[in-house]
Engineer: 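What follows is a structure written as structure tokens; I'll ask about it next.
The chains referred to below are lettered A, B, ... by the order of the sequence lines, with proteins before strands, and numbering in each begins at 1.
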Amino acid sequence: MKYTYFPGCSLKGTAKPYEESFLEISKSLGIEIEELPDWNCCGATTYMAIDEGAAFGMAIRSLARAEAIGKDMVVPCSNCYAVLNKTKDYFLKYPELRERMASSLREVGLSFEGKVSIKHPLDVIVNEVGLEKVKECVKRPLKGLKVVPYYGCLVVRPYPIFDHPCYPTTLDRLIKSLGAEPVPYPLKTLCCGASLTGTVEEAGYRIVYHHLRASKKSGAHLIVTVCPLCQFNLEAYQDKISKRYGEDLRIPVLFFTQLMGLAFGIDEERLGLKRMIVSPQKVLEEVLA
Amino acid sequence: MKIERKIVYESDLDRNFAMEIASIPEGEGLFECIQCGTCSGTCPMSIYMDYTPRRIVAMTREGFKKHVLTSFTIWLCSSCYSCTVRCPAGIKITDLMYALKRKALEEGYAPKNFPVRVLAETFFEHVQRKGRLNEFPVIMKLYMKSGPGKMLSMAPLGLKLLRTGRMSLRAKEEIENKKEFRELIKAMGVNKK
């Protein structure tokens with residue numbers, strides 16, 4: 001199974017543990033990935049708020065280059081995943097926009113036909129590699145570990161490519177296959193606050209508070225996420241939010257690939273587990289002793 | 001007490017604004033809205049909005065240009081797309097919010113030091129130059145413009161991120177073929193009809 005890997009800016013920065021663990025478990029599962037040469041930022045949500053031409057231009061450059069390589073794309077960041085899929089969708093749906101993108105690409109010697117598939121690793125792992133293969137790789141079943149399966153929004157909205165837009169189950173099933181127990185989590189696709197935690201704190205912190213509080217109440221040991229911003233929002237502000245609401249809301253937040261790596265028996269340092277702000281050390285030692 | 005006209009007259013409305021928004025891909029289906037309120041009901045940020053999503057759609061298609069473009073709503077949208085997947089009329093409400101953000105910036109309705117806008121513009125300017133985002137310089141600029149107090153309160157987190165290798169002081173991520181990147185974006189702007 002060969003894919004073109006589009007990391008996106010955060011996997012080289014705050015979500016480094018995501019890239020590290022993703023590369024490790026891909027090796028175990030036989031997923032061959034090659035980073036898209038000279039990929040550029042997808043534009044995230046900010047570009048579309050300022051200049052729609054530039055926003056589509058950014059995304060179409062990476063898409064055109066990936067399509068030229070010919071393999072399916074695997075995109076771990078949910079934001080990049082949604083932006084690239086949206087660009088492809090708009091390219092195929094709106095003739096005027098398509099012509100504008102196609103002629104701009106021609107000017108720099110690139111072309112795009114809307115054929116490349118843009119997949120999230122959660123989709124690839126569960127639906128293409130398959131849970132049977134995942135179970136085979138489990139050397140250390142995570143028995144007794146209760147996990148919050150937090151999807152966030154962009155992995156299933158607005159393009160519910162591989163699961164339900166509001167009540168998905170892919171991550172829950174994956175967690176089960178690792179021997180751990182996914183807790184029933186009604187806020188599984190509630191937004192994490194996105195960039196509002198940095199710009200409009202009152203709104204951002206409050207929604208993160210809902211997640212932390214519900215997670216603590218569920219009795220889970222930790223939360224797993226599939227998106228860099230979700231992971232950062234739920235992990236980085238726990239002290240501030242605990243203080244603001246007068247409750248102890250500390251709970252480890254990992255990337256799902258890190259959880260997989262633990263079950264596969266991969267060394268913690270190679271999974272980026274030493275880079276976490278809220279350490280999962282204690283919880284893992286206690287539960288998986 | 002300051003006296004203020006509380007109602008809007010027909011002559012205050014801007015029909016061109018409504019038609020313009022309805023004619024772009026993001027505004028598709030604007031006139032199909034049945035005002036069911038599902039969008040407002042599902043929006044996690046609606047509790048902070050001056051005009052909820054349903055009202056923004058109603059006001060946009062009537063031509064309440066100034067009200068819509070000076071609203072807090074369009075900046076509070078976190079792009080979760082909860083509204084979009086539930087809308088029975090298939091209106092891409094989240095994408096409509098993006099179009100309204102752009103229009104608010106273009107026509108000078110957005111307040112200059114508003115953090116959401118400052119972050120967007122700082123991010124944009126940085127990525128235009130380098131092709132990729134480096135969190136540290138962008139975040140520093142955002143905090144410097146939003147007030148040094150914020151920078152102080154965020155310092156512990158910043159230090160933790162630097163220590164764990166999740167953030168770098170140097171802006172080392174950048175693309176090689178900047179010429180292709182810039183020309184493509186320029187062409188997209190030029191090819192706008």
Side-chain angles (χ1 to χ4, degrees), chain A residues 9-10 12-17 38-41 43-54 56-58 60-61 82 90 93-94 96-97 100-101 103-105 107-110 153-154 157-158 160 165-166 190-191 193-196 198-200 202-203 207 236-237 240 274-277, chain B residues 25-26 44-45 47-48 75-76 78-82 84-86 92 94-95 98-99 101-102 105 114-121 123-124 127-128 131-135 139 142 146 153 156-157 160-161 164-168 173 175-177 180-181 183-185 187-193:
Chain A
C9 310
S10 41
K12 301 292 185 187
T14 47
K16 209 177 206 163
D38 213 35
W39 57 270
N40 58 271
C41 176
T45 48
T46 45
Y47 262 70
M48 198 44 94
I50 295 182
D51 183 341
E52 153 239 31
F56 282 128
M58 302 269 275
I60 207 83
R61 176 176 179 265
Y90 273 54
K93 257 206 201 113
Y94 301 106
E96 266 181 45
L97 197 52
R100 192 169 150 208
M101 287 198 250
S103 62
S104 305
L105 284 170
E107 282 188 40
V108 293
L110 293 170
C153 49
L154 297 170
R157 297 192 296 266
C166 307
L190 174 69
C191 185
S195 51
L196 294 172
T199 53
V200 187
E202 164 65 37
I207 208 168
Y237 304 107
K240 286 185 178 284
K274 298 276 189 303
R275 299 192 198 268
M276 308 322 280
I277 292 172
Chain B
E26 290 94 331
M45 294 299 158
I47 59 173
Y48 296 108
W75 301 102
L76 274 176
S78 63
S79 306
C80 77
Y81 287 94
S82 297
T84 306
V85 299
R86 289 176 169 90
K92 299 190 282 293
T94 310
D95 295 336
Y98 279 125
K101 280 188 184 88
R102 293 196 298 266
L105 285 171
F114 187 49
V116 179
R117 174 193 182 157
V118 173
L119 176 61
E121 288 174 336
F123 182 120
F124 185 89
V127 177
Q128 284 288 87
R132 292 181 191 172
L133 175 72
N134 291 279
E135 276 118 346
I139 297 292
L142 168 69
S146 318
S153 77
L157 175 63
K160 271 197 207 122
L161 289 172
T164 55
R166 287 168 74 172
M167 189 164 72
S168 153
E173 287 292 322
I175 60 172
E176 274 183 43
N177 199 339
E180 179 186 87
F181 178 74
E183 279 180 15
L184 176 55
I185 292 182
M188 282 297 287
V190 169
N191 291 336
K192 191 174 188 173
K193 66 157 167 60

Engineer: What are the two closest non-hydrogen atoms of A:Ala49 and B:Tyr98, and how far apart are they?
Structural biologist: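 Answer, listing the atom of A:Ala49 first, then B:Tyr98: N-CD2, 4.0 Å.
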Engineer: Which answer fits A:Leu196, side chain, backbone, both or neither, if we ask what part of it has an atom under 4.5 Å from a heavy atom of chain B?
Structural biologist: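 Side chain only.
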Engineer: Quick one: which of A:Ala194, A:Ala82, A:Pro160, A:Gly57 has the most heavy-atom pairs under 4.5 Å with chain B, could you say?
Structural biologist: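 Option with the greatest count: A:Gly57.
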Engineer: Are the side chains of B:Pro25 and A:Tyr90 in contact, using a 4.5 Å heavy-atom criterion?
Structural biologist: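 A side-chain contact under 4.5 Å exists here.
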Engineer: Under 4.5 Å from any heavy atom of chain A, what part of B:Val85 do you find: side chain, backbone, both or neither?
Structural biologist: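 It is the side chain, since no backbone atom gets that close.
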Engineer: How many angstroms lie between atom OG1 of A:Thr199 and atom CZ of B:Phe114, to the nearest 0.5 angstrom?
Structural biologist: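 That separation rounds to 7.0 Å.
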Engineer: Between B:Arg86 and chain A, which part of the residue has a heavy atom less than 4.5 Å away: side chain, backbone, both or neither?
Structural biologist: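 Contact with chain A involves the side chain of B:Arg86 alone.
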Engineer: Roughly how far, to the nearest 0.5 Å, is CE of A:Met58 from CZ of B:Phe181?
Structural biologist: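 Between atom CZ of B:Phe181 and atom CE of A:Met58 there are 4.5 Å.
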Engineer: Would you say the side-chain atoms of A:Asp38 pair up with the backbone N or O of B:Asn177, donor to acceptor, closer than 3.5 Å?
Structural biologist: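 Side chain of A:Asp38 to backbone of B:Asn177, a donor-acceptor pair under 3.5 Å: yes, one is there.
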Engineer: For B:Ser79 and A:Leu154, which heavy atoms make the closest approach, and how far apart are they?
Structural biologist: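 For B:Ser79 and A:Leu154, the tightest heavy-atom pair comes out as O-CD2, 3.5 Å.
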Engineer: So do the side chains of B:Thr164 and A:Lys16 get within less than 4.5 Å of each other, counting heavy atoms only?
Structural biologist: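 The answer is no; the side chains never approach within 4.5 Å.
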Engineer: Show the numbers, then the answer: is there a side chain to side chain contact (heavy atoms under 4.5 Å, CB included) between A:Ile50 and B:Lys101?
Structural biologist: CA-CA 7 Å; A:Ile50 295 182; B:Lys101 280 188 184 88; over 6 Å; no
Engineer: Is there a side-chain contact between B:Ile185 and A:Asp51 in this structure, where contact means two heavy atoms from C-beta onward sitting under 4.5 Å apart?
Structural biologist: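 No - every pair of side-chain heavy atoms lies 4.5 Å or more apart.
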Engineer: What is the distance from atom CD1 of B:Ile175 to atom CH2 of A:Trp39, rounded to the nearest 0.5 Å?
Structural biologist: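 The CD1 atom of B:Ile175 sits 10.0 Å away from the CH2 atom of A:Trp39.
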Engineer: Which answer fits B:Leu133, side chain, backbone, both or neither, if we ask what part of it has an atom under 4.5 Å from a heavy atom of chain A?
Structural biologist: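 Contact with chain A: backbone and side chain both.
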Engineer: Quick one: what part of B:Glu176 sits under 4.5 Å from any heavy atom of chain A, side chain, backbone, both or neither?
Structural biologist: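 Backbone plus side chain of B:Glu176, per the 4.5 Å heavy-atom cut-off to chain A.
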Engineer: Would you check if the side chain of B:Arg102 reaches a backbone N or O of A:Met48 as a donor-acceptor pair within less than 3.5 Å?
Structural biologist: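 The answer is yes, because a donor-acceptor pair under 3.5 Å joins these two groups.
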Engineer: For residues A:Cys9 and B:Glu135, determine if any side-chain heavy atom of one lies less than 4.5 Å from a side-chain heavy atom of the other.
Structural biologist: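 The answer is no, as the side chains (C-beta and beyond) never meet within the 4.5 Å cut-off.
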Engineer: Check for a donor-acceptor pair, side chain of A:Arg61 on one end and backbone N or O of B:Leu184 on the other, with a separation under 3.5 Å.
Structural biologist: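 Such a contact is absent between A:Arg61 side chain and B:Leu184 backbone.
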Engineer: Quick check on A:Lys93 against chain B: is it the side chain, the backbone, both or neither that has a heavy atom closer than 4.5 Å?
Structural biologist: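 For A:Lys93, there is no contact with chain B at all, as no heavy atom is under 4.5 Å.
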Engineer: Please rank B:Leu76, B:Asp95, B:Thr94 by heavy-atom pairs under 4.5 Å with chain A and give me the top one.
Structural biologist: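 Among the listed options, the one with the most contacts to chain A is B:Asp95.
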Engineer: Counting heavy-atom pairs closer than 4.5 Å to chain A, which one of B:Met45, B:Lys160, B:Glu121 comes out on top?
Structural biologist: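 Looking at each of B:Met45, B:Lys160, B:Glu121 in turn, B:Met45 comes out on top.
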Engineer: Quick one: what part of A:Leu110 sits under 4.5 Å from any heavy atom of chain B, side chain, backbone, both or neither?
Structural biologist: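 Side chain only.
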Engineer: Which heavy atom in A:Val108 sits nearest to a heavy atom in B:Glu183, and how many Å separate them?
Structural biologist: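 Looking at all heavy atoms of both residues, the shortest contact is CG1-CB, 3.7 Å.
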Engineer: Would you mind reporting whether B:Arg166 and A:Met276 have side-chain heavy atoms less than 4.5 Å apart?
Structural biologist: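 Heavy-atom side-chain distance check passes, below 4.5 Å.
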Engineer: Looking at every non-hydrogen atom in both residues, tell me the closest pair between A:Glu107 and B:Ala187 and how far apart they are.
Structural biologist: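 That closest heavy-atom pairing would be OE1-CB, 3.7 Å.
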Engineer: Please classify the contact of B:Phe124 with chain A as side chain, backbone, both or neither, using a heavy-atom distance under 4.5 Å.
Structural biologist: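 Both backbone and side chain of B:Phe124 come within 4.5 Å of chain A.
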Engineer: Go through the steps for A:Thr46 and B:Val127 under the test side chain to side chain contact (heavy atoms under 4.5 Å, CB included), then give the verdict.
Structural biologist: CA-CA 10 Å; A:Thr46 45; B:Val127 177; over 6 Å; no
Engineer: Quick check: do A:Val200 and B:Trp75 have side-chain heavy atoms less than 4.5 Å from each other?
Structural biologist: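 They are not in contact (no side-chain heavy atoms under 4.5 Å apart), so the answer is no.
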Engineer: Within the distance-only criterion (no hydrogens, no angle test), does the side chain of A:Arg100 pair as donor or acceptor with the backbone N or O of B:Met188 below 3.5 angstrom?
Structural biologist: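 Indeed, once roles are kept as given, a pair shorter than 3.5 Å links the two residues.
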Engineer: In terms of heavy-atom proximity below 4.5 Å to chain A, should B:Ser82 be classed as side chain, backbone, both, or neither?
Structural biologist: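 Both parts, heavy atoms under 4.5 Å.
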Engineer: Counting only heavy atoms closer than 4.5 Å, note whether A:Pro17 contacts chain B via side chain, backbone, both or neither.
Structural biologist: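 A:Pro17 touches chain B through side-chain heavy atoms alone.
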Engineer: I would like to know whether B:Ser153 and A:Lys240 meet side chain to side chain contact (heavy atoms under 4.5 Å, CB included); could you show each step before the answer?
Structural biologist: CA-CA 10 Å; B:Ser153 77; A:Lys240 286 185 178 284; 3.6 Å; yes
Engineer: Is A:Pro158 close to chain B through its backbone or its side chain, or both, or neither, when contacts mean heavy atoms under 4.5 Å?
Structural biologist: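 For A:Pro158, backbone and side chain are both near chain B.
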Engineer: What pair of heavy atoms forms the shortest contact from B:Tyr81 to A:Arg157, and how long is it?
Structural biologist: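 That would be O-CD, 3.5 Å.
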Engineer: Report yes or no: does A:Asn40 contribute a side-chain atom to a donor-acceptor pair with the main-chain N or O of B:Gly131 at less than 3.5 Å?
Structural biologist: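 No, the answer is negative, given that no donor and acceptor are paired below the 3.5 Å cut-off.
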Engineer: Counting only heavy atoms closer than 4.5 Å, note whether B:Leu161 contacts chain A via side chain, backbone, both or neither.
Structural biologist: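 Contact with chain A involves the side chain of B:Leu161 alone.
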Engineer: When you measure from the side chain of A:Lys12 to the backbone N and O of B:Arg132, does any donor-acceptor pair fall under 3.5 Å?
Structural biologist: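 No; judged by distance alone, with no hydrogens or angles, the pair does not exist.
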Engineer: For residues A:Cys153 and B:Cys80, report the shortest heavy-atom separation together with the two atoms involved.
Structural biologist: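 For A:Cys153 versus B:Cys80, the nearest heavy atoms are CB-O, 3.4 Å.
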Engineer: Given that the side chain runs from C-beta out, which part of A:Ile207 has a heavy atom under 4.5 Å from chain B: side chain, backbone, both or neither?
Structural biologist: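 Only the side chain of A:Ile207 comes within 4.5 Å of chain B.
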